[in-house]
Peer 1: 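Dumping the structure here so I can ask a few things about it.
Values reported hereafter were calculated over all heavy atoms of this structure, with side chains retained and with hydrogens, waters and symmetry mates removed. Numbered from 1 within each chain, the chains take letters A, B, ... in sequence-line order.
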Amino acid sequence: MQLDFLGDLRRTHMCGELRAEHIGQKVILLGWVNRRRDLGNLVFIDVRDRNGMTQLVFDKGENPAAHEKASALRSEYVIAAIGHVRKRDLDTVNPNIATGDVEVRVDELKLLNESKLPPFLPGDTDIANEEMRLKYRYLDLRRDKMQANIELRHKVALAIRQSLSERGFLEIETPFMTRSTPEGARDYLVPSRVHPGEFYALPQSPQIFKQILMISGFDKYFQIVRCFRDEDLRADRQPEFTQIDLEMSFPQPDRVFEVVEAFLQAAFKAAGHELTAPFPRMTYDEAMRQYGIDKPDMRLPAMTDIRKAFTDEDLTELRIDASMNMVAVRIPKVGKISDREKKEIRALSDELAQRNKEFAGVLYDFAQLEKKRPQAATKIRELCAADSEDLIVPVVAIAAAESKARTAANQHAQFTAAGEARLELARKYADRHGAFTRTGEVGNDFKLLWVTDFPMFEYDEKENHWNPAHHPFTSPHERDMDKLESDPGSVRALAYDVVLNGTELGSGSIRIHRQDIQEKIFRALGMSIPEMKERFGFFLEALEYGTPPHGGIALGLDRIVMILAGADSLREVIPFPKTAKAVDLMVDAPTPVSDVQLKELGIKIK
RNA sequence: GGUCGCAGAGUCUAGCGGCAGGAUGCCUGACUGUCUAUCAGGAGGGACGGGUUCAACUCCCGUUGCGACCGCCA
């Protein structure tokens, strides 16, 4: 079929714009053929662009030439429609689309491009599987939902930029080709041609650079920036992802919180939600005790300490280890559970024990407890404020035959395992309690909070030394300074996370700005002075030239947009994401490269 | 690295150890008020490799791809 040129055709409206007020106007619409309804002498074409859809009418009696051309149109052809807006008869109005009151009677149709028959259509009711969607991403992105997600992403990013800019933050770029640091995740490496055998690394985050910018006196920095981590993927983890990265001079954690709360309010507003600030706060310790996790999902009830429910006699008879934590997990509105479900809960107990080596407990059968110790069971119901429909799962330790010494690690694992049980059961019974279903009420749908006072170090059992829980530039609490050497495990950091519905949105800290403290930390981590110099020499030197107190945070933009879009995977809000095996199915990356390229880089593949 | 799930027409799927069914898309025809158009007709199918079996789309093993989770991700 003959194709037409665009010439100097200029569209007058987007395809979702026309309303009753445009009736009678001459319009030019440009877009894709979304659907064709051919009634013989009368043809309807829905023309679509990212803004919406308009029905075009071709009537053989009115305009035979245009009608003939329209009859040959197929899905995803690109067209220009020049015509007049017409009121639809009352009985032909389509309330399902924004432009449904009107239609365009086409005077002249131009065919700008044809389309091969696509493997799937943007208007399909069943969406294709992900493999197909990713391979033909350009087609998948034509779908309304994807267009909306990408637009939402733009709006959110824009609102955040504006908010930060208004508060005096400067957006400053930092290098993508930088220095590999062995800390943290694996680096993506970029070989240097000029220096054979040497590599740049793509940044896991602009951490060092933003601190240097504070040393340079920029005072308030931000960047919406790509970060790279060569680790295995998850639904909420991509190898390249976007952070809202910021750093400020002379801050207390509260200053950082205010900034983040402001831009999150702006971001949520852009998505149509009025968020209340300040967000609730909780220390790491409270989070672990009440939720068994450092990123509590507050849409579900906290765990309850049930030690008080048992008399000493109960404990002896039930062979419960009184030296350990006793908590109950409560999942609302589960109702009666079947024998099979009971079995599944028992199986979960084993699974948790396998995953948490130090876990000394079990998920107790509450029904059994009600039989054996009705008073204790009643008390637990009271303590949990449980409804009769609620599922209660006590997590207790059964006393070992020989008395084994329980450690702090056991106690911690007890909370962690209970927390995992809480989430697992909540997911399982999501249909019944409905806590994960959007209600339209912001306070219910989006539970934000700050988790503060993370521990400074974590002990690595295998390697037998202390690791930074956050990163090695995190400042300890001023009041814990003197415990750095004597009792590293009890040192709290000025580190904080912002959490939304059980997802860690962002993580930050007040940094160390004094070289003497930085060296102490490195010593506590078991790093020698030469080792420190080798890894961070330039940075330690920078600290010596008048470094102001500073701190900041970084938030995952992809995750924020994902939650706002109500999506289950980051791939729904990233235009060109990678598969679980870190492959781009559209461009087919990664690929081998030619021997010539390798030789130039001085690289041999084994 | 590990555990689990999935793999069938262009796409989405039902079922089955013995003729592979539907929806949608596509093609042809009819149709002047459709909008997931309708009606009639048509074309089109088992990821790869091995095994069990008289017979495998179906069962088993492996590979590959996709997905979920664990490990990993300061």
Side-chain angles (χ1 to χ4, degrees), chain A residues 34-48 53-62 67 71 74-76 86 88-97 99-100 103 105 116-136 139-140 181-187 204-205 207 227-239 241 351-352 354-357 420 423-424 427 454-458 460 462 466-474 493 495 497 504 507-509 521 525 554 556 568-569 571 578-583 585 588:
Chain A
N34 194 59
R35 257 206 173 83
R36 174 178 62 105
R37 291 177 294 281
D38 189 342
L39 279 66
N41 290 327
L42 186 66
V43 173
F44 297 100
I45 299 288
D46 290 332
V47 61
R48 181 200 74 231
M53 223 157 63
T54 302
Q55 172 166 285
L56 307 177
V57 194
F58 299 85
D59 189 325
K60 193 169 186 182
E62 285 177 8
H67 172 269
S71 300
R74 292 296 179 267
S75 290
E76 300 307 300
R86 191 159 71 178
R88 292 203 198 187
D89 291 338
L90 260 182
D91 56 333
T92 64
V93 161
N94 183 354
N96 301 320
I97 59 172
T99 59
E103 61 194 9
R105 195 200 68 224
K116 271 174 58 171
L117 179 63
F120 56 91
L121 293 171
D124 280 351
T125 39
D126 292 325
I127 57 172
N129 72 41
E130 279 219 70
E131 206 174 335
M132 221 55 204
R133 292 177 56 198
L134 290 175
K135 182 165 179 203
Y136 297 95
L139 298 178
D140 188 50
T181 52
E183 298 291 325
R186 268 185 289 272
D187 288 320
Q204 296 174 27
S205 82
Q207 186 61 36
C227 302
F228 307 86
R229 292 177 192 177
D230 186 5
E231 295 293 346
D232 288 342
L233 287 77
R234 287 284 190 286
D236 63 352
R237 264 164 34 193
Q238 282 273 312
F241 59 99
E351 197 182 305
L352 294 172
Q354 218 161 31
R355 211 181 304 156
N356 300 283
K357 270 182 236 115
E420 286 176 13
L423 288 179
E424 191 77 31
R427 263 194 291 274
F454 277 77
M456 185 78 189
F457 306 106
E458 282 165 356
D460 185 333
K462 267 180 264 160
W466 292 97
N467 279 331
H470 189 56
H471 58 61
F473 314 115
T474 302
D497 280 4
E504 179 199 312
S507 188
S509 66
I521 300 295
L525 292 171
D568 295 326
S569 158
R571 295 185 296 274
K578 295 184 175 49
T579 68
K581 287 230 163 65
V583 168
L585 292 176
D588 185 25

Peer 1: Would you say the base of B/G67 and the side-chain of A/R234 have a donor-acceptor pair closer than 3.5 Å?
Peer 2: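 Answer is no: no donor-acceptor pair is held.
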Peer 1: Tell me: CZ of A/R229 to P of B/C73, nearest whole Å?
Peer 2: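 My rounded result for the distance is 10 Å.
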Peer 1: Where the side chain of A/E231 is defined as all heavy atoms beyond and including C-beta, which of B/U34, B/G65, B/C73 is the nearest nucleotide?
Peer 2: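 Given the options B/U34, B/G65, B/C73, the side chain of A/E231 is closest to B/C73.
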Peer 1: According to the Watson-Crick and G-U wobble definitions, with both distances under 3.5 Å, which nucleotide is paired to B/G41?
Peer 2: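 B/C27 is the nucleotide pairing with B/G41.
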Peer 1: Select base, sugar-phosphate, or nothing to describe what A/T125 touches, counting heavy atoms under 4.0 Å on all strands.
Peer 2: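 No contact.
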Peer 1: Using only heavy-atom distances, decide whether a donor-acceptor pair under 3.5 angstrom links the side-chain of A/R186 to the base of B/G1.
Peer 2: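 Flag unset: no donor-acceptor pair detected.
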Peer 1: Got a second to check how far A/L139's CG is from A/F120's CZ, nearest 0.5 Å?
Peer 2: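 Rounded to the nearest 0.5 Å, the CG-CZ separation comes out at 5.0 Å.
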Peer 1: With sequence neighbours excluded, tell me which residues meet salt bridge (charged side-chain N to carboxylate O under 4.0 Å, His left out) with A/R35.
Peer 2: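 Salt bridge (charged side-chain N to carboxylate O under 4.0 Å, His left out) check on A/R35 returns nothing, list empty.
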Peer 1: Where does B/C66 land, syn or anti, once you apply the within-90°-of-0 test for syn?
Peer 2: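 Anti conformation for B/C66.
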Peer 1: What does A/L585 touch in the nucleic acid at a heavy-atom separation under 4.0 angstrom: a base, only the sugar-phosphate, or nothing?
Peer 2: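 Sugar-phosphate contact only - A/L585 comes under 4.0 Å of backbone atoms but never of a base.
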Peer 1: Are any of A/R37's side-chain N or O atoms less than 4.0 Å away from OP1 or OP2 of B/U34?
Peer 2: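 For B/U34, OP1/OP2 do not have a side-chain N/O of A/R37 under 4.0 Å.
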Peer 1: Mind checking the P distance from B/C6 to B/C61? Whole angstroms is fine.
Peer 2: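 Each nucleotide's P atom is 13 Å from the other's.
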Peer 1: Taking any strand in view, what nucleotide pairs with B/U32 in a Watson-Crick or G-U wobble way, both distances under 3.5 Å?
Peer 2: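 Paired with B/U32, as far as the under-3.5 Å criterion goes, is no nucleotide at all.
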Peer 1: Once rounded to the nearest 0.5 Å, what's the spacing between atom CD1 of A/I521 and atom CH2 of A/W466?
Peer 2: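 It is 12.5 Å, given to the nearest 0.5 Å.
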Peer 1: Heavy atoms only, 4.0 Å cut-off, all strands: where does A/S205 land among base, sugar-phosphate and nothing?
Peer 2: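 Answer is base: heavy atoms of A/S205 come under 4.0 Å of a base.
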Peer 1: Does a distance-only test, which skips hydrogens and angles, find a donor-acceptor pair under 3.5 Å between the side chain of A/E103 and the base of B/G33?
Peer 2: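 Answer is yes: a donor-acceptor pair is held.
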Peer 1: Rounded to whole Å, please give me the gap between CD in A/E130 and P in B/G67.
Peer 2: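 From A/E130 CD to B/G67 P: 6 Å.
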Peer 1: Is there a donor-acceptor contact under 3.5 Å from the side chain of A/R36 to the main chain of A/V43?
Peer 2: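 No.
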Peer 1: In whole angstroms, how far is the C1' atom of B/C69 from the CG atom of A/L423?
Peer 2: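 Taking CG of A/L423 and C1' of B/C69, I get 13 Å after rounding.
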Peer 1: Considering only atom P, compute the distance from B/G65 to B/C54 and round it to an integer number of Å.
Peer 2: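 It works out to 35 Å between them.
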Peer 1: Determine which nucleotide pairs with B/A55, using a 3.5 Å limit on both distances of a Watson-Crick or G-U wobble pair.
Peer 2: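 For B/A55, the partner nucleotide comes out as none, under the 3.5 Å rule.
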Peer 1: For B/C39 versus B/G33, give the span between their P atoms, rounded off to a whole number of Å.
Peer 2: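 16 Å, rounded to whole Å.
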Peer 1: Take atom C1' in B/A56 and the same atom in B/A20, then report the distance between them in whole Å.
Peer 2: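 The same atom, C1', in both gives a distance of 13 Å.
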Peer 1: Tabulated below should be each protein N or O lying under 3.5 Å from an N or O of nucleotides 27-32 of chain B; please produce it.
Peer 2:
| from | atom 1 | to | atom 2 | distance (Å) |
| --- | --- | --- | --- | --- |
| B/C27 | OP1 | A/R74 | NE | 2.9 |
| B/C31 | N3 | A/D38 | O | 3.3 |
| B/C31 | N3 | A/G40 | N | 3.3 |
| B/C31 | N4 | A/G40 | N | 3.3 |
| B/U32 | OP2 | A/N41 | ND2 | 3.4 |
| B/U32 | O2 | A/D59 | OD2 | 3.4 |
| B/U32 | N3 | A/D59 | OD1 | 3.0 |
| B/U32 | N3 | A/D59 | OD2 | 3.4 |
| B/U32 | O4 | A/D59 | OD1 | 3.2 |
| B/U32 | O4 | A/G61 | N | 3.4 |

Peer 1: Could you list the protein-to-nucleotides 6-11 of chain B atom pairs, N/O on both sides, closer than 3.5 Å?
Peer 2:
| from | atom 1 | to | atom 2 | distance (Å) |
| --- | --- | --- | --- | --- |
| B/G10 | O2' | A/P119 | O | 3.1 |
| B/U11 | O4' | A/P119 | O | 3.1 |

Peer 1: For A/R86, what residues pass the salt bridge (charged side-chain N to carboxylate O under 4.0 Å, His left out) criterion, not counting sequence neighbours?
Peer 2: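 If we apply the salt bridge (charged side-chain N to carboxylate O under 4.0 Å, His left out) test to A/R86, skipping adjacent residues, the hits are A/E62, A/E103.
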Peer 1: Can you tell me how far P of B/U34 sits from CG of A/L90, to the nearest Å?
Peer 2: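 Rounded to the whole Å, the gap is 14 Å.
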Peer 1: Side-chain contact test, heavy atoms from C-beta onward, threshold under 4.5 Å: evaluate it for A/L121 versus A/E76 and give yes or no.
Peer 2: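 They are in contact (side-chain heavy atoms under 4.5 Å apart), so the answer is yes.
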Peer 1: Does A/Q55 reach a base, just sugar-phosphate, or nothing at all? Heavy atoms under 4.0 Å.
Peer 2: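 Base contact - A/Q55 has a heavy atom under 4.0 Å of at least one base atom.
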Peer 1: Under a 3.5 Å limit for both distances, which nucleotide forms a Watson-Crick or G-U wobble pair with B/C16, could you say?
Peer 2: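 None - no nucleotide pairs with B/C16, as no candidate has both distances under 3.5 Å.
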Peer 1: How long is the gap from OG on A/S507 to NE2 on A/H471, to the nearest 0.5 Å?
Peer 2: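 So the gap between those two atoms works out to 7.5 Å.
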Peer 1: Round to a whole Å and report the spacing from CZ of A/R427 to P of B/C4.
Peer 2: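 It is 19 Å, rounded to the nearest whole Å.
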Peer 1: Write down the distance separating the P atoms in B/C26 and B/U64, rounded off to the nearest Å.
Peer 2: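 Comparing P positions in B/C26 and B/U64 gives a spacing of 37 Å.
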Peer 1: Let's test this: given Watson-Crick or G-U wobble pairing with both distances under 3.5 Å, identify the partner of B/A7.
Peer 2: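 Its partner is B/U64 (Watson-Crick or G-U wobble, both distances under 3.5 Å).
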Peer 1: Between B/C73 atom P and A/Q204 atom CD, what is the distance in whole Å?
Peer 2: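 Taking atom P of B/C73 as the reference, CD of A/Q204 is at 10 Å.
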Peer 1: Find out whether A/F241 and A/R229 are in side-chain contact, i.e. whether some heavy atom of one side chain is under 4.5 Å from a heavy atom of the other.
Peer 2: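 Answer yes - side chains close enough.
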Peer 1: So, does A/T579 get its side chain near the phosphate of B/C66, meaning an N or O under 4.0 Å from OP1 or OP2?
Peer 2: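 Yes.
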Peer 1: Just call it for A/R355: base, sugar-phosphate, or nothing, with non-hydrogen atoms closer than 4.0 Å on any strand.
Peer 2: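 If one applies the 4.0 Å heavy-atom cut-off, A/R355 turns out to touch the sugar-phosphate alone, with no base involved.
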Peer 1: Taking side chain to side chain contact (heavy atoms under 4.5 Å, CB included) as the criterion, tell me which of A/V57, A/N94, A/T99 meets it with A/R88.
Peer 2: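 Exactly one option meets the side chain to side chain contact (heavy atoms under 4.5 Å, CB included) with A/R88, and it is A/N94.
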Peer 1: Name all residues meeting the salt bridge (charged side-chain N to carboxylate O under 4.0 Å, His left out) criterion together with A/K60; count only those two or more places apart in sequence or in a different chain, and write none if there are none.
Peer 2: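 A/K60 satisfies salt bridge (charged side-chain N to carboxylate O under 4.0 Å, His left out) with no other residue.
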Peer 1: Using whole Å, report how far CD of A/Q207 lies from P of B/C73.
Peer 2: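 To the nearest whole Å, that distance equals 17 Å.
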Peer 1: With C1' as the reference atom in both, quote the distance from B/G18 to B/C59 in angstrom, rounded to an integer.
Peer 2: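 Rounded to whole Å, the distance is 15 Å.
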Peer 1: Would you kindly compare A/P468 and A/R86 by the position of their nearest RNA chain B nucleotide and give the one closer to the 5′ end?
Peer 2: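 Upstream on the strand: A/R86.
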Peer 1: Considering only atom C1', compute the distance from B/G51 to B/G45 and round it to an integer number of Å.
Peer 2: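 Their C1' atoms lie roughly 25 Å apart.
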Peer 1: Not counting sequence neighbours, list each pair that qualifies as a side chain to side chain donor-acceptor pair (under 3.5 Å) and has a residue in residues 125-136 of chain A.
Peer 2: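 Listed once each, the pairs are A/E130-A/R571, A/R133-A/D140, A/R133-A/E572.
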Peer 1: Starting the side chain at C-beta, find the nucleotide from B/G67, B/U36, B/G1 nearest to A/D232.
Peer 2: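 Looking only at side-chain atoms, A/D232 lies closest to B/G1.
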Peer 1: Examine B/C66: is either OP1 or OP2 under 4.0 Å from a nitrogen or oxygen in the side chain of A/R133? Give yes or no.
Peer 2: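 No, outside the criterion.
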Peer 1: Out of B/U36, B/A68, B/C73, which nucleotide sits closest to the side chain of A/N96?
Peer 2: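 My answer, after comparing the listed nucleotides, is B/U36.
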Peer 1: Charged N to carboxylate O under 4.0 angstrom, A/D46 versus A/R37?
Peer 2: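 Yes, charged N to carboxylate O under 4.0 Å.
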Peer 1: Can you identify which nucleotide, out of B/G67, B/C26, B/G71, has its nearest atom closest to the A/S75 side chain?
Peer 2: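 Closest nucleotide to the A/S75 side chain: B/C26.
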Peer 1: Report the distance from atom CD of A/Q204 to atom CZ of A/F228, rounding to the nearest 0.5 Å.
Peer 2: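 Here the rounded value is 11.5 Å.
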Peer 1: Rounded to whole angstrom units, what separation is found between the CD atom of A/E76 and the P atom of B/C26?
Peer 2: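 It works out to 11 Å between those atoms.
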Peer 1: Distance check, P atoms only: B/U28 and B/A43, in whole angstrom units.
Peer 2: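 Pairwise P distance, B/U28 against B/A43, rounds to 15 Å.
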